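Here the structure is a predicted model, which is why all the values come from computation and not from measurement.
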Protein chains: 2
Amino acid sequence: MGIIRKTKSVALLLDVFEKESKAIATTDLIKRFDTVLNKTTIYRVLEKLEEDGILHSFLGFNGIKWYAKCKQCVKDNHTDTHPHFQCTSCGKAECLDVTIALPEFPDREVVFSQLLLKGKCNTCLAN
Amino acid sequence: MGIIRKTKSVALLLDVFEKESKAIATTDLIKRFDTVLNKTTIYRVLEKLEEDGILHSFLGFNGIKWYAKCKQCVKDNHTDTHPHFQCTSCGKAECLDVTIALPEFPDREVVFSQLLLKGKCNTCLAN
DNA sequence: TTTATATTTGCAACTTAGTTGCAGTAACAA
DNA sequence: TTGTTACTGCAACTAAGTTGCAAATATAAA
């Protein structure tokens, strides 16, 4: 159903994603808002922000859910199917601003795809 | 360290993957071998079979781990980086025998990639 | 400004996938 | 047959995410 009321929780979470250019893991958000927001609230607000096309989510290599700001998405139409990159050194994940062309797959109707890349990021390569 | 001894557990699990052409979720294996094998054993044997290049694994859309037989992999060299397809209707997952070309990503060293497709499979499209 | 109502929140308890330590069992080489 | 060491099962644990419900609060209407 998406966000209906502008509450403290919504404002706080939106603010984090406004300031952060990279993706953020739910577990990280729960830690950051430890005494401020309940984890149930965090999960629920994120879910609604995704429905509204404001955030999008993906699963990292350990199965943990990550969220990031959408650039071209609108409600109920997540066209934002860029790949995501997760660094093996620092663990951070980010969106890659590229479009990957996928072939047609016979006998299957592909609705959604998720490409996850693993390796060393910019910062960690320097060290 | 991989498989060293040919035990009952190894034989049972290998047999399932021999007969099954599709991927199998760990949760499914735990159910199938409910009274026969302990879940700890299942996790441990699968891990070793993957090290040996006999199986490979990937995460489905709900973060659950799936295993499937490798076709071209050898120990410590998982070249088997084909995409995987998971059906939204029946929930089953399978390997797709295609190679997807990925571009070079600047400022990053990509070591591994995982492409997961979601949609309706052959069988479910017919219904 | 006050009131009514429906959304949102926090809490606690729960579910489920996967892990760990350890003691007993079994594969296999000598 | 025996000794060594890998493997297994058990129980207890960890961690991510979910659920139900009562209390709190945003917002529209009076």
Side-chain angles (χ1 to χ4, degrees), chain A residues 1-17 23-52 54-68 75 84 86 91-93 114 116, chain B residues 1-17 23-52 54-68 75 84 86 91-93 114 116:
Chain A
M1 215 167 64
I3 295 288
I4 291 177
R5 295 182 182 176
K6 282 178 189 166
T7 62
K8 184 190 88 179
S9 323
V10 174
L12 282 170
L13 283 165
L14 270 181
D15 194 55
V16 177
F17 284 98
I24 314 177
T26 48
T27 49
D28 183 25
L29 286 169
I30 290 167
K31 270 178 220 143
R32 289 202 209 183
F33 290 106
D34 183 24
T35 54
V36 185
L37 293 177
N38 186 273
K39 66 171 179 173
T40 313
T41 306
I42 294 177
Y43 281 116
R44 290 197 272 226
V45 170
L46 291 173
E47 204 173 272
K48 287 180 179 173
L49 288 172
E50 186 168 26
E51 281 178 53
D52 287 342
I54 295 164
L55 299 179
H56 66 276
S57 71
F58 60 95
L59 294 183
F61 277 104
N62 39 16
I64 283 176
K65 207 166 187 178
W66 291 73
Y67 281 88
K75 188 170 177 177
H84 293 97
Q86 186 168 13
K92 288 182 185 167
Q114 178 180 302
L116 186 56
Chain B
M1 216 168 64
I3 294 288
I4 291 176
R5 294 181 181 177
K6 282 179 189 166
T7 63
K8 184 190 87 178
S9 324
V10 174
L12 283 171
L13 283 165
L14 270 180
D15 194 54
V16 176
F17 284 97
I24 314 176
T26 48
T27 50
D28 183 26
L29 286 170
I30 290 167
K31 273 178 217 138
R32 289 202 209 184
F33 290 107
D34 183 24
T35 55
V36 185
L37 293 177
N38 187 273
K39 67 170 177 172
T40 312
T41 305
I42 295 177
Y43 282 117
R44 290 197 272 226
V45 170
L46 292 173
E47 202 173 275
K48 287 179 181 175
L49 288 172
E50 186 168 27
E51 280 177 56
D52 286 341
I54 295 163
L55 300 179
H56 66 275
S57 71
F58 61 95
L59 294 183
F61 277 103
N62 40 16
I64 282 176
K65 207 166 187 179
W66 291 73
Y67 281 89
K75 187 169 178 178
H84 294 97
Q86 187 169 12
K92 287 182 186 168
Q114 176 179 302
L116 186 57

Legend entry - By salt bridge (Lys or Arg N to Asp or Glu O under 4.0 Å) - contacts of B:R32 (at least two apart):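 Counting only residues at least two positions away or on another chain, B:R32 forms a salt bridge (Lys or Arg N to Asp or Glu O under 4.0 Å) with B:E20, B:D28.
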How long is the line joining [atom1] of [X] and [atom2] of [N], in whole Å?
X: B:L12; N: C:dA26; atom1: CG; atom2: C1'; value: 15 Å
X: A:I4; N: C:dA6; atom1: CD1; atom2: P; value: 12 Å
X: A:N62; N: C:dT19; atom1: CG; atom2: P; value: 11 Å
X: B:I64; N: D:dA16; atom1: CD1; atom2: P; value: 16 Å
X: A:K6; N: D:dA24; atom1: NZ; atom2: P; value: 26 Å
X: B:L46; N: C:dT19; atom1: CG; atom2: C1'; value: 14 Å
X: B:F61; N: D:dA16; atom1: CZ; atom2: C1'; value: 19 Å
X: A:K8; N: D:dA23; atom1: NZ; atom2: P; value: 19 Å

Inset, instruction - Can you check whether any acceptor in the base of C:dT8 is under 3.5 Å from a donor in the side chain of A:R5, or vice versa? - result: no
Can you check nucleotides 18-20 of chain D for protein contacts, nitrogen or oxygen pairs under 3.5 Å, and list what you find?
{"from": "D:dT19", "atom 1": "O4", "to": "A:T40", "atom 2": "OG1", "distance (Å)": "3.4"}

Taking all non-hydrogen atoms of both residues, which atom of [X] and which atom of [Y] are closest, and how far apart?
X: B:Q86; Y: B:G60; value: OE1-CA, 3.4 Å
X: A:K8; Y: A:V36; value: NZ-O, 3.8 Å
X: A:D52; Y: A:G2; value: OD1-CA, 3.2 Å

Inset, instruction - Describe, in one word, how the ring planes of A:F17 and A:Y67 are oriented to each other, choosing from parallel (under 30°), tilted (30 to 60°) and perpendicular (over 60°). - result: perpendicular
Legend entry - Closest-nucleotide 5' rank along DNA chain D - winner of A:G63 and B:I42: B:I42
Legend entry - Atom pair OG1 (A:T26) and CD1 (A:I64), whose distance is rounded to the nearest 0.5 Å: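 Result: 6.5 Å between the selected atoms.
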Legend entry - Under 4.0 angstrom between A:T7 side-chain N/O and D:dT25 OP1 or OP2: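 So the side-chain polar atoms of A:T7 never come under 4.0 Å of the phosphate oxygens OP1 or OP2 of D:dT25.
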Legend entry - A:T41 vs C:dG10: side-chain N/O to OP1/OP2 distance below 4.0 Å: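 So the side chain of A:T41 is within the cut-off, an N or O lying under 4.0 Å from OP1 or OP2 of C:dG10.
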[X] side chain near [Y] side chain, heavy-atom distance below 4.5 Å:
X: B:L29; Y: B:L46; answer: yes
X: B:I3; Y: B:I54; answer: no
X: B:L59; Y: A:F61; answer: no

Legend entry - Residues within residues 24-38 of chain B bordering DNA chain C, heavy-atom distance below 4.0 Å: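 Only B:T26, B:T27 qualify.
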